[in-house]
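Step one of this worksheet: look at the structure below.
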Amino acid sequence: MRDPTLLGQVESAAGATVTVGLDPETISGLVYIAGQGHRVGQVGSFVRIPQGFTSLFGIVTQAGAAAAPSQPADPELSRRWLTVEIVGEGRIGQPFTRGVYRYPTIGDQVHLVTEDDLAVVYGSQSSREHVEIGSLSSARSIPARIDINKLVTRHCAIVGATGSGKSTTVAGLIGKLSDASRFPSARVLMLDVHGEYASAFRGVARVFRVNPDSLRAELPLQIPYWALTFDELLPLAVGGVEDGATRGRFADWILSAKRAAAQSCGFSPEDSDWINVDTALPFSLKKMWHEMRWEMDATYPRGADQLRENAKQEDPGDADQLKPARFVAYDGQNAVQSRSNLNVRKHMDVLASRLRDP
């Protein structure tokens with residue numbers, strides 16, 4: 001009795017690309033095997049090429065009639081054909097392996113894949129690392145599972161035409177990954193620029209917005225400036241800085257402030273060595289403004305060391321109120337002068353303006 005899954009035979013092989021000549025008895029269209037419908041030769045469908053105890057699995061990439069592709073019109077080849085790309089191999093009871101480790105030979109039989117074959121390709125692993133997200137469209141009895149370790153540690157893209165269900169798929173994935181009964185420590189941060197997912201996760205997620213709607217229990221979105229990198233923060237805070245020495249002075253001050261913050265949190269000096277100017281540690285921009293204005297404006301008696309205690313200060317100012325310190329002015333008679341070479345007054349004016357803007 002003829003095997004109902006038989007499609008035809010391998011007629012040519014060029015690496016992982018195989019040309020299959022369909023058997024004259026192979027029925028076109030829809031074939032039913034064990035009550036399951038299969039489309040013969042449909043582009044994108046799987047085929048199986050038995051190799052002893054192992055089977056090669058391929059995907060149909062092209063289908064046609066008359067002369068086989070890239071071959072002269074020979075009467076022997078003037079029949080229906082398929083082009084198949086071999087994608088991997090597997091055997092029942094063992095996991096499917098991607099890649100081509102062996103190649104078919106001329107005359108090897110090519111078969112439709114059944115649900116048992118698809119179970120070999122897609123696997124039936126059921127472990128803590130695998131999450132079931134649905135079932136195969138071509139075999140409803142076979143669950144579709146993903147390895148969450150691979151999903152969250154690699155790049156992933158979900159693509160499709162408008163209305164094809166991309167957002168629904170993403171919501172389903174996030175819902176599975178944030179299931180508190182299975183992953184109680186899972187935390188998911190979603191940047192939802194179009195506001196599509198708030199309703200999908202109502203009751204299990206907190207929604208932050210720049211302009212929150214209290215009636216929807218939304219929370220204000222506040223991104224701390226100290227979490228930005230130095231190259232992101234500097235133009236945002238003080239505008240463009242072209243001079244390398246000035247950039248270096250800003251970087252030195254911020255680095256010192258972040259290391260001081262680390263030590264105040266209990267880090268030892270040795271632990272602070274790993275901190276750099278981009279480390280996300282809090283510091284005060286208002287204090288930076290006040291300290292740099294102090295450095296620029298401070299005046300000292302002629303001949304005195306440029307130490308803080310020698311400065312001729314009249315009013316210490318207030319960093320929180322953006323009030324600069326005030327010093328005795330140089331008038332020649334008192335022989336008081338400023339010796340600062342810091343030239344960032346314009347940048348300090350920009351910073352003060354932005355800090356005053358709610």
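The residues of the chain are indexed from 1 along the displayed sequence.
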With T229 via side chain to side chain donor-acceptor pair (under 3.5 Å) - residues at least two apart
E232

Using distance alone, with no hydrogens and no angle criterion, decide if Q51 and D108 have a side-chain donor and acceptor under 3.5 Å apart.
yes

Could you verify whether a donor N or O on one side chain and an acceptor N or O on the other, from T61 and E85, lie under 3.5 Å apart?
no

When V18 is tested against each of T83, I86, V47, L56 for side-chain contact (heavy atoms from CB on, under 4.5 Å), which residue passes?
I86

Among side-chain atoms of W81 and Q62, is any donor-acceptor pair under 3.5 angstrom?
no

Got a sec, which residues hit side chain to side chain donor-acceptor pair (under 3.5 Å) with D320, two or more places apart in sequence or on another chain?
none

Any Lys/Arg nitrogen of D252 or R247 sitting under 4.0 Å from an Asp/Glu carboxylate oxygen of the other?
no

Quick one: do L322 and V350 end up in the same hydrophobic cluster if we chain Ile, Leu, Val, Met, Phe, Trp and Tyr together by side-chain heavy atoms under 4.5 Å apart?
no

Is it the case that the side chains of H111 and Q109 hold a donor-acceptor pair, with the cut-off being a distance below 3.5 Å and no angle test?
yes

If I compare all heavy atoms of N211 with all of E218, which pair ends up nearest, and what's the gap?
O-OE1, 4.4 Å

If you count the non-hydrogen atoms of other residues, nucleotides and ligands that lie under 6.0 Å from CD1 in I223, is the total more than 12?
no

Side chains of T19 and E11: is there a donor and an acceptor less than 3.5 Å apart?
no

Kindly state each residue pair satisfying ring pair (Phe, Tyr, Trp, His ring centres under 6.0 Å) with at least one member in residues 199-241, sequence neighbours excluded.
Y225-F283

